[in-house]
Amino acid sequence: MDNEKAWFVRRVVLSVLFLVVVAVPLYPELFGLDEVTPFAQLAAFRPQGLVVVLVLSLLMLVRRGWRIAAALVAVLALVGAGLTAPRRLSDARPAPAGARVLTIMVANVLGGGARAADVAQLIRDHKPDLVSLPEAQVDVREEIRAQLQDQQYKGFTAQPSSAVESATSVLVASSLGAVTFGSEGATTFGNVVVTGGDLGPIRLIAYHGYPPLPDAVTTWKKDLQTVRRWCAQDPPTVVAGDFNATLDHADFRQALGGYCRSVGPTVGGGLRGTWPADQPALLRTQIDHVVVSRQFQPGQFSTYPIQGTDHRAVVATATVAG
């Protein structure tokens, strides 16, 4: 083998190795690393990573010896962008005639750090049927409820431990009638299950998933398995809250399991990041979701700023046969 051919072979081999190095943090699930730190955390920012990789590949083209590697990673980035694009390009379908529309709001109040007046204003503006309030203890829930003026909401809080972040509260519009509040002990943080009243067979669940901290990825995964169980059950179900997971996490996609959909990505809002709220929109990722079972048709999805918390609030609608 002459020197030119040998150099070409080396370039190909090195380019493929470079491709693997770039692909591992972008698609750790392909290498069995999606539950390993730091890949479980990095996966949440895959769309931003794809942009960085694409820009890097274009810069690499200026060097002749790097062009094979540049082409490979460019293809990786473009394929990833193609898979991500439907989250932005999808449109909501019109609600069928006679369908029932539910409006759901999510606001992680950061243990009471969020400005209660901002949360209450969003409730007054959008009149949601259910408000999921991760990290809201009873006093925070009641402070928000007290500012709703003539709008009537019932409240309930589940807090399995003394840790503030374990508290999950709900506010439910009185128009839903004599609903029943409950909680299942299957998640690390509190969850609230709302049934009965004028909901009929519908079940509304306020949820806060454990974050994928370096020493707690197994706990994070276990909480998402509970979401999968809820989705797989028969009642028409809405799960709303801070999931601490994005559609780029394989565990979150497995939790949806073909039984549920996240409203945002389904209606073109999948790239509207909700955390961290103090960063520019391009640097945020969507970890707050309204997830609906197959009986629902996703409707609208919007996010809103709230002073004092690191999450943007979510307001979404979904329709179900009346």
Side-chain angles (χ1 to χ4, degrees), residues 26-27 43-54 77-97 99-108 122 125-132 204 207 209 227 231 236-277 279-306 311-321:
L26 285 177
Y27 293 95
F45 295 93
R46 181 179 294 166
Q48 293 89 335
L50 291 170
V51 173
V52 171
V53 168
L54 184 59
L78 290 173
V79 170
L83 294 173
T84 304
R87 303 181 204 175
R88 175 65 182 83
L89 302 178
S90 300
D91 292 320
R93 297 179 184 176
R100 180 179 188 178
V101 180
L102 289 176
T103 301
I104 309 295
M105 176 174 156
V106 177
N108 184 317
L122 280 176
D125 291 344
H126 297 279
K127 300 176 177 59
D129 297 285
L130 177 134
V131 184
S132 174
L204 305 178
Y207 168 78
V227 175
C231 283
T237 298
V238 177
V239 186
D242 172 8
F243 285 68
N244 273 308
T246 78
L247 206 57
D248 292 301
H249 285 114
D251 283 284
F252 182 56
R253 296 194 302 273
Q254 291 166 8
L256 301 182
Y259 299 104
C260 283
R261 293 176 287 180
S262 177
V263 172
T266 308
V267 300
L271 297 181
R272 296 177 191 168
T274 61
W275 176 90
Q279 295 299 310
L282 290 175
L283 299 181
R284 296 196 294 262
T285 189
Q286 191 173 112
I287 63 174
D288 301 270
H289 302 270
V290 174
V291 165
V292 297
S293 61
R294 58 187 177 275
Q295 297 93 337
F296 286 90
Q297 178 63 48
Q300 303 298 319
F301 180 90
S302 300
T303 71
Y304 301 90
I306 294 177
H311 289 252
R312 288 176 68 86
V314 166
V315 177
T317 64
T319 60
V320 65

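Hydrogens, waters and symmetry mates play no part in the numbers below; they use all other heavy atoms, side chains included.
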- [ ] Compare all side-chain heavy atoms of P47 with those of R87 and state whether any distance is below 4.5 angstrom.
- [x] yes
Open item on the list: Quick check: do V51 and L282 have side-chain heavy atoms less than 4.5 Å from each other?
Closed with: no
Open item on the list: To check you understand the geometry: which heavy-atom pair defines the closest contact between T303 and R312, and what is its length?
Closed with: OG1-NE, 3.0 Å
- [ ] For R272 and V314, run side chain to side chain contact (heavy atoms under 4.5 Å, CB included): C-alpha distance rounded to whole Å, both residues' side-chain angles, the deciding distance at 0.1 Å, then the answer.
- [x] CA-CA 10 Å; R272 296 177 191 168; V314 166; over 6 Å; no
- [ ] Write down the atom of F45, the atom of L283, and the distance for their closest heavy-atom approach.
- [x] CE2-O, 3.4 Å
Task: Test side chain to side chain contact (heavy atoms under 4.5 Å, CB included) applied to L130 and V238, step by step - done: CA-CA 10 Å; L130 177 134; V238 177; over 6 Å; no
Task: Inter-residue atom distance D248.CG - R253.CZ, 0.5 Å rounding - done: 7.0 Å
Open item on the list: Checking R88 now: which residues fulfil salt bridge (Lys or Arg N to Asp or Glu O under 4.0 Å) with it, not counting sequence neighbours?
Closed with: none
Open item on the list: Applying ring pair (Phe, Tyr, Trp, His ring centres under 6.0 Å) to F243 and H249, what does each step give before you reach the verdict?
Closed with: CA-CA 11 Å; F243 285 68; H249 285 114; over 10 Å; no
Task: Closest approach of C231 to Y259 (non-hydrogen atoms, all atoms of both residues) - done: O-CB, 3.3 Å
Task: Min side-chain heavy-atom separation Q286-T246 under 4.5 Å - done: no
TODO: Might you point out which heavy atoms bring T84 and L271 nearest each other, and give the distance in Å?
DONE: CG2-CD2, 3.9 Å
Task: Over all atoms of both residues, closest heavy-atom pair of S262 and L256 - done: N-CD1, 4.2 Å
TODO: Any chance you could lay out the side chain to side chain contact (heavy atoms under 4.5 Å, CB included) test for L50 and R46, step after step, and finish with the verdict?
DONE: CA-CA 6 Å; L50 291 170; R46 181 179 294 166; 4.2 Å; yes
- [ ] With rounding to the nearest 0.5 Å, note down the distance linking CG in D129 to CE in M105.
- [x] 13.0 Å
Open item on the list: As an exercise, state the distance from CG of D242 to NE2 of H311, rounded to the nearest 0.5 Å.
Closed with: 4.5 Å
Task: Verdict with reasoning, S132 to V106, per side chain to side chain contact (heavy atoms under 4.5 Å, CB included) - done: CA-CA 5 Å; S132 174; V106 177; 4.2 Å; yes
Open item on the list: How long is the straight-line distance from CD of Q48 back to CG of L26, given to the nearest 0.5 Å?
Closed with: 11.0 Å
Exercise answer: donor-acceptor pairs, residues 290-300 side-chain atoms, under 3.5 Å, sequence neighbours excluded:
residue, atom, partner, partner atom, Å
S293, OG, T237, N, 2.8
S293, OG, T237, O, 3.4
S293, OG, Q295, OE1, 2.6
Q295, NE2, D234, O, 2.8

Open item on the list: Can you give me the closest heavy-atom contact between A316 and F301, atom names plus distance?
Closed with: CB-CD1, 4.1 Å
- [ ] Mind checking the CZ-OG spacing from R261 to S90? Nearest 0.5 Å is all I need.
- [x] 10.5 Å
Task: Under 3.5 Å: donor-acceptor pair, side chain of H289, backbone of A245 - done: yes
Task: Residue pair V315 / P128, side-chain heavy-atom distance below 4.5 Å - done: no
